[in-house]
Amino acid sequence: MNELYNKQIGESLVSWFLEEKRDLPWRKTKDPYKIWVSEVMLQQTKVDTVIPYYERFISKYPSLESLAEAEEGELLKEWEGLGYYSRARNLQAGVREVVEEYNSVVPNNRKEISKLKGVGPYTAGAVLSIAYDIPEHAVDGNVMRVLSRILLIKEDIAKQKTKKIFEEAVMNLMFKDNPSAFNQGLMELGAIICTPTKPKCLLCPVREYCSAFYEGVQEELPIKTINKKTKLHKMKAVVIQRNDGKILLEKRPSKGLLANMWQFPMVELPTSTHTVEEVVELDYGVEIQKGKELIAFKHIFSHLVWEIESFEAKLMNEKKISLNSQWYSIEEVNDQPMPIPVLKMWNAWKERKSIT
DNA sequence: TAAACGTGGCA
DNA sequence: TTGCCAAGTTT
């Protein structure tokens, strides 16, 4: 492994990238803010999913200042359906730091940019290299897969300490004439050529440098040990309507799962001898009469499963509703940020009521 | 260090 | 149908 060899890998990769790269919205700009937004949205999320969200988001919040001034509820509504909602709140917190402490200029060095909320080692390197053309590593899952194959690295990429090996490898290979194209090329190669299964090695611009291809073990890499089993939660949820037509909605806690998102009153009844009505009265301070079943389904999160049964319900008597709950008109319900499983219930309710 | 944190697509 | 994956960060 010498410098000339490394230089050749970089050149091959970069010329391939400049020729074959996909035409993506965030590749039309050098604005560090927009690059930042795209990188956060792309965390653990497919490109095709991100594109429409990115377009709407940038159109609504075209600058650091506009996002800094946004209301959190409105921001979460823009993020609705994208998942990992703390990304949105961390992004805004980070943006506010830049506006207030860095005179609205995104820091151009790893030390400072890494202090921003929601900016980890990957996002820091991505923004620095793509927006500022600074030779910094940006190691994501693609990069680890690509380099584990090229360099025949057999460390377990599920372990966090392994990432350091790849960060050093990237810096050794870094094509300093064009860090932006080099880092993006590494990721682009992983996305469309050096795929997890059935990599298209015959189309690969760097296969002549690839140890795994040489040994025919590209499908065996990277090594990744994972297996977290999910826990099942049996939930009952109710869309409660008051005589004046308003609906009871609850804001989830500001930490943990689906933080600050809204939902209909929901209780977990594993092996309880209590009825839904009893537990709802206890938890929410409303007496209800359960009506027809709305929809029943499983919603699978990354680490747990909700098995939801949902019902219509009428308000019989209102005592003192819990602090984080509120009655909303149908229009107002539509404006609250709700996670996908809650949206499913809401859509089922509206369909039943023939409300569009 | 490992677990928490969403969602949709696909073999 | 089940399990795994996708441009990670926080705690």
Side-chain angles (χ1 to χ4, degrees), chain A residues 17 21-22 24-27 35-54 76 79-91 93-94 113-127 129-131 137-146 156-164 166-167 170 180 182-192 194-198 219 222 224-232 252-261 263 297-306 337-344:
Chain A
F17 175 73
K21 65 180 177 181
R22 290 168 294 177
L24 303 174
W26 44 89
R27 288 184 176 162
I35 304 293
W36 183 6
V37 170
S38 75
E39 291 301 339
V40 172
M41 287 187 168
L42 285 163
Q43 288 167 11
Q44 302 290 285
T45 310
K46 294 255 193 341
V47 164
D48 288 342
T49 302
V50 168
I51 291 174
Y53 281 91
Y54 174 83
L76 283 175
W79 210 271
E80 183 181 85
L82 246 194
Y84 285 147
Y85 299 99
S86 65
R87 288 184 296 176
R89 293 178 301 119
N90 288 155
L91 173 62
I113 200 172
S114 296
K115 290 179 187 166
L116 302 173
K117 264 288 188 359
V119 177
Y122 165 76
T123 304
V127 173
S129 61
I130 298 171
H137 57 76
V139 174
D140 71 339
N142 288 125
V143 174
M144 288 197 282
R145 182 172 58 258
V146 169
D156 181 3
I157 66 166
K159 300 203 179 297
Q160 293 208 319
K161 57 188 297 187
T162 302
K163 196 165 63 172
K164 189 173 53 197
F166 288 95
E167 289 173 346
V170 169
S180 168
F182 178 76
N183 278 343
Q184 291 187 78
L186 234 29
M187 293 187 274
E188 189 80 344
L189 192 70
I192 65 187
C194 196
T195 46
T197 60
K198 299 183 176 163
E219 302 241 33
K224 188 177 185 182
T225 63
I226 292 195
N227 241 340
K228 40 191 174 187
K229 41 198 165 190
T230 57
K231 191 179 176 189
L232 179 64
R252 294 181 59 87
S254 59
K255 293 195 171 184
L257 185 67
L258 305 170
N260 288 0
M261 301 293 277
Q263 66 182 206
F297 60 98
K298 278 188 180 177
H299 185 80
I300 301 160
F301 296 93
S302 47
H303 59 301
L304 57 89
V305 179
W306 276 0
M338 300 185 286
I340 295 296
V342 177
L343 283 171
K344 277 189 186 172

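The chains referred to below are lettered A, B, ... by the order of the sequence lines, with proteins before strands, and numbering in each begins at 1.
- Along DNA chain C, the nucleotide nearest A:Ile130 and the nucleotide nearest A:Val119 are compared for position; the residue whose nucleotide lies closer to the 5' end is A:Ile130.
- Along DNA chain C, the nucleotide nearest A:Lys117 and the nucleotide nearest A:Gln184 are compared for position; the residue whose nucleotide lies closer to the 5' end is A:Gln184.
- A distance of about 25 Å separates the P atoms of B:dG6 and C:dT1, rounded to the whole Å.
- Using a 4.0 Å heavy-atom cutoff across all strands shown, A:Arg22 reaches at least one base atom of the nucleic acid.
- Residues meeting the side chain to side chain donor-acceptor pair (under 3.5 Å) test with A:Gln43, sequence neighbours left out: A:Thr123.
- Using a 4.0 Å heavy-atom criterion, one finds that A:Thr197 contacts no nucleic acid atom at all.
- For A:Phe17, there are no ring pair (Phe, Tyr, Trp, His ring centres under 6.0 Å) partners at least two apart in sequence or on another chain.
- The same atom, P, is picked in B:dG8 and in C:dT9; the two are 23 Å apart, to the nearest Å.
- Listed by first and then second residue, the side chain to side chain donor-acceptor pair (under 3.5 Å) pairs involving residues 79-91 of chain A are A:Thr45-A:Arg87, A:Lys77-A:Glu80 (not counting sequence neighbours).
- Distance, A:Tyr122 OH to C:dT9 P: 8 Å, rounded to whole Å.
- Between A:Asp156 atom CG and B:dT1 atom P there is a gap of 12 Å when expressed in whole angstrom units.
- Nucleotide C:dG8 holds its C1' atom 11 Å from the CG atom of A:Asn90, rounded to whole Å.
- Contacts of A:Trp79 with the nucleic acid, taken as non-hydrogen atoms under 4.0 Å apart, are absent.
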Where protein sits on nucleotides 2-8 of chain B, one letter per nucleotide: B base, S sugar-phosphate only, - none, heavy atoms under 4.0 Å: BBSBBBB
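- Note on A:Leu24: a base of the nucleic acid sits closer than 4.0 angstrom, heavy atoms only.
- Here the side chains of A:Pro339 and A:Met261 are in contact, with some heavy-atom distance below 4.5 Å.
- Remark: P of C:dC5 and CE of A:Met144 are 12 Å apart, rounded to the nearest angstrom.
- Two residues are said to be in side-chain contact when any heavy atoms from C-beta on lie closer than 4.5 Å; A:Tyr54 and A:Val37 meet this criterion.
- By the side chain to side chain donor-acceptor pair (under 3.5 Å) test, A:Ser180 pairs with A:Gln184, sequence neighbours left out.
- Every side chain to side chain donor-acceptor pair (under 3.5 Å) that A:Tyr122 has, sequence neighbours left out, goes to A:Glu39.
- At a threshold of 4.0 angstrom between heavy atoms, the contacts of A:Arg89 with the nucleic acid are absent.
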